[in-house]
Every structure is written in structure tokens, then in C-alpha cells.
Amino acid sequence: MAEADRERWDAKHRALGAGTPLPPDALRGRLDLVPSTGRALDVACGRGGVAVWLAARGLDVVAVDVSPAGLAAGAALADDHDVRVRWVEADLDGGFPDEDGTYDLVVCQRFRDPALYPALAAAVAPGGLLVISVRSEVGDEGGRFRAAPGELAAAFGDLEVLAHHEGDGEAYLLARG
Ligand SMILES: C[S@@+](CC[C@H](N)C(=O)[O-])C[C@H]1O[C@@H](n2cnc3c(N)ncnc32)[C@H](O)[C@@H]1O
């Protein structure tokens, strides 16, 4: 990622201020699917609201983002809620960070990089859960940051897909490893 893009993300995160612990949007109404023990990975975690929510639920969480400002907001939120998250600063344009093993839950919310789809699928432990959401062309205008129709279903078709939705410019997929 270009330095200017990283600075733009930093500025966005600083302007938004402290986050709030929240489950991934695609799991609202399906919280029974979320494990309460084991390991979780939050890819492109932003200001850490999901990572902190998962840690408060009892998961051992690794959260990755390119933005130091986002990660700092996440660390402050974790302190406020008295939970521990391992915050990893990494540019995912360079590939998946070199983290050990697989995860009982892999979350990638509102971040799209099709080059990472195979690594995301491989990071899900057998029986683990993948939660991914992206901006979509379906129900909205096209654009290079939006997923084409069927993109998530095609990319993660080797997993057991539990739910898949596209519409209103958003797409999400829930799948078991
Ligand atoms: C739209 S935000 C989503 C944040 C969070 N997942 C959420 O749902 O609130 C996208 C995030 O991706 C991060 N990001 C963008 N490009 C990245 C890259 N190449 N490597 C790592 N993180 C990146 C940004 O810093 C930002 O936090």
C-alpha cells in the first residue's frame, strides 16, 4: 500500500475516534454460531470493535490492520474493556501475515482483496467459521473496489457455505471449514 493510502486510513480512524465492541454485522441474529473459546483472527480490523467484542466473548484474538491509528484505537478499547488482543500491524497487499496455524473464527469485514481469499479459506480450522463481508456490485453501481456477482460464493465454494447474501451494494458469506 502506498504511504499516502495508509495515512488516509490513519486520518479516517483518528477522525472516527474510539470504537465500540460489536459482533460482525453478518452474525447479528446468529450469535449462536460464534464460538466462545479458541482462536479468532480479525483481518483488516480497523478500530478493533469486532476484535474486542470477540475477546470479551472469550476468544484468543489476533487482529491485523495496516493502520497504526486503527490499531491504537483498538488497543485503547481493549484496555477499556479489560481484554487482551494481539494487534498486528501489517500491509495485506504483501500477503497474509505470517501467523501460526488455523483459527476457530476468521472475520474479514468490509475489506476486499480477492488475492487473499485462498489464504482466508486456509486459515479456517476444520469446523471453524469464516465470516466475510465486502462491498458488492449487486444492487449498486460497479467499481473496482466492489465484488462481482457471485464472487464470494465462487471463492469459498470449497468450504461448507452456511449463508450467502448479495444486495444493496453489500455481500457476505458465512462458511464452515
Ligand atoms: C472499511 S475498514 C473496515 C474495518 C473493520 N473491519 C470494520 O468492519 O469496521 C477497512 C480497513 O482495512 C484496512 N486496510 C486497508 N488496506 C489494507 C491493507 N493493504 N492491509 C491491511 N489493512 C488494510 C484499513 O486500515 C481499514 O481499517
Side-chain angles (χ1 to χ4, degrees), residues 1-31 33-34 39-57 59 61-78 80-81 83 85-99 103 105-120 122-124 129-137 140-141 143-147 151-152 155-156 163 165-166 168-175:
M1 166 181 283
E3 190 53 31
D5 290 335
R6 183 201 294 256
E7 283 168 8
R8 242 191 312 274
W9 278 115
D10 274 342
K12 260 189 202 176
H13 289 312
R14 276 195 206 98
L16 287 167
T20 307
L22 283 174
D25 292 345
L27 287 178
R28 301 239 171 100
R30 297 182 172 103
L31 296 184
L33 292 175
V34 187
R39 305 178 73 214
L41 176 65
D42 186 0
V43 176
C45 64
R47 290 173 296 133
V50 166
V52 169
W53 186 87
L54 294 173
R57 191 172 168 92
L59 287 151
V61 184
V62 178
V64 182
D65 203 282
V66 74
S67 163
L71 295 169
L77 188 66
D80 285 350
H81 290 267
V83 295
V85 170
R86 191 149 72 82
W87 306 100
V88 177
E89 184 183 326
D91 182 354
L92 294 162
D93 289 355
F96 223 50
D98 197 12
E99 295 291 334
Y103 294 83
L105 176 63
V106 176
V107 176
C108 184
Q109 174 168 284
R110 295 191 208 103
F111 173 73
R112 174 175 172 266
D113 181 352
L116 289 181
Y117 289 165
L120 286 172
V124 184
L129 183 68
L130 171 71
V131 181
I132 179 165
S133 68
V134 293
R135 298 175 80 196
S136 167
E137 290 177 359
D140 209 321
E141 62 200 31
R144 73 186 176 101
F145 297 116
R146 290 179 185 267
E151 179 175 299
L152 295 182
F156 298 103
H165 172 79
E166 296 175 314
D168 297 327
E170 308 279 338
Y172 72 79
L173 178 137
L174 310 180

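Values below: all heavy atoms of this structure, side chains included; hydrogens, waters and symmetry mates excluded. Counting starts at 1 for both ligands and their atoms, following the listed order.
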Task: G70 touching ligand 1 at heavy-atom level, < 4.0 angstrom - done: no

Open item on the list: Give the atom numbers and elements of ligand 1 that come within less than 4.0 Å of a heavy atom of S67.
Closed with: 25 (O)

Task: R39 side chain to Y103 backbone, donor-acceptor under 3.5 Å - done: no

Task: atom 24 (C) of ligand 1 - nearest protein heavy atom and its distance - done: W9 CD2, 3.3 Å

Task: Identity and distance of the protein heavy atom lying nearest atom 22 (N) of ligand 1 - done: V66 N, 3.2 Å

Open item on the list: Strictly below 4.0 Å, N to O, side chains only: are R135 and E141 in salt-bridge contact?
Closed with: no

TODO: For ligand 1, find out whether one of its N or O atoms is nearer than 3.5 Å to an N or O atom of D42.
DONE: no

Task: For the student: nearest non-hydrogen atoms of D42 and A51, plus distance - done: OD2-N, 3.5 Å

Open item on the list: Looking at E137 and G169, would you say the former's side chain and the latter's main chain have a donor-acceptor pair under 3.5 Å?
Closed with: no

Open item on the list: What protein heavy atom lies closest to atom 19 (N) of ligand 1? Include the residue and the distance to one decimal.
Closed with: D91 OD1, 2.9 Å

Task: Protein heavy atom at shortest distance from atom 1 (C) of ligand 1 - done: R110 O, 3.3 Å

TODO: Mind listing the closest non-hydrogen atom pair of L116 and G95 along with its distance?
DONE: CD2-C, 4.1 Å

Task: D93: numbered ligand 1 atoms lying under 4.0 Å from its heavy atoms - done: 19 (N)

Open item on the list: Under a plain distance cut-off of 3.5 Å, with no hydrogens placed, do E151 and Y117 share a side-chain donor-acceptor pair?
Closed with: yes

Open item on the list: Using the rule given for salt bridge (Lys or Arg N to Asp or Glu O under 4.0 Å), can you reason through R6 versus E89, listing the C-alpha separation, both sets of side-chain angles and the distance that settles it, and then say yes or no?
Closed with: CA-CA 11 Å; R6 183 201 294 256; E89 184 183 326; 2.8 Å; yes

Open item on the list: For G46, is there any backbone N or O sitting under 3.5 Å from a side-chain donor or acceptor partner on D65?
Closed with: yes

Open item on the list: How close do S133 and Y172 get, counting heavy atoms only, and between which atoms?
Closed with: CB-CB, 3.9 Å

- [ ] Would you mind running through ligand 1 and noting each atom that sits below 4.0 Å from a heavy atom of A90?
- [x] 20 (N), 21 (C)

- [ ] Measure the distance from atom 16 (N) of ligand 1 to every protein heavy atom, then report the residue, atom name and distance (to 0.1 Å) of the closest one.
- [x] M1 CE, 3.0 Å

Open item on the list: Can you report which non-hydrogen protein atom sits closest to atom 20 (N) of ligand 1, along with the distance?
Closed with: L92 N, 2.8 Å

Open item on the list: Counting only heavy atoms, tell me which of L16, D10, D65 gets closest to atom 27 (O) of ligand 1.
Closed with: D65

TODO: Keeping the roles fixed (side chain from R28, backbone from P24), state whether a donor-acceptor pair exists under 3.5 Å.
DONE: no

- [ ] Tell me, please: is H13 in heavy-atom contact with ligand 1, that is, under 4.0 Å?
- [x] yes

TODO: For C45, counting its heavy atoms only, list the atoms of ligand 1 lying under 4.0 Å from any of them.
DONE: 5 (C)

Task: Heavy atom of the protein closest to atom 12 (O) of ligand 1 (residue, atom name, distance) - done: A44 CB, 3.4 Å

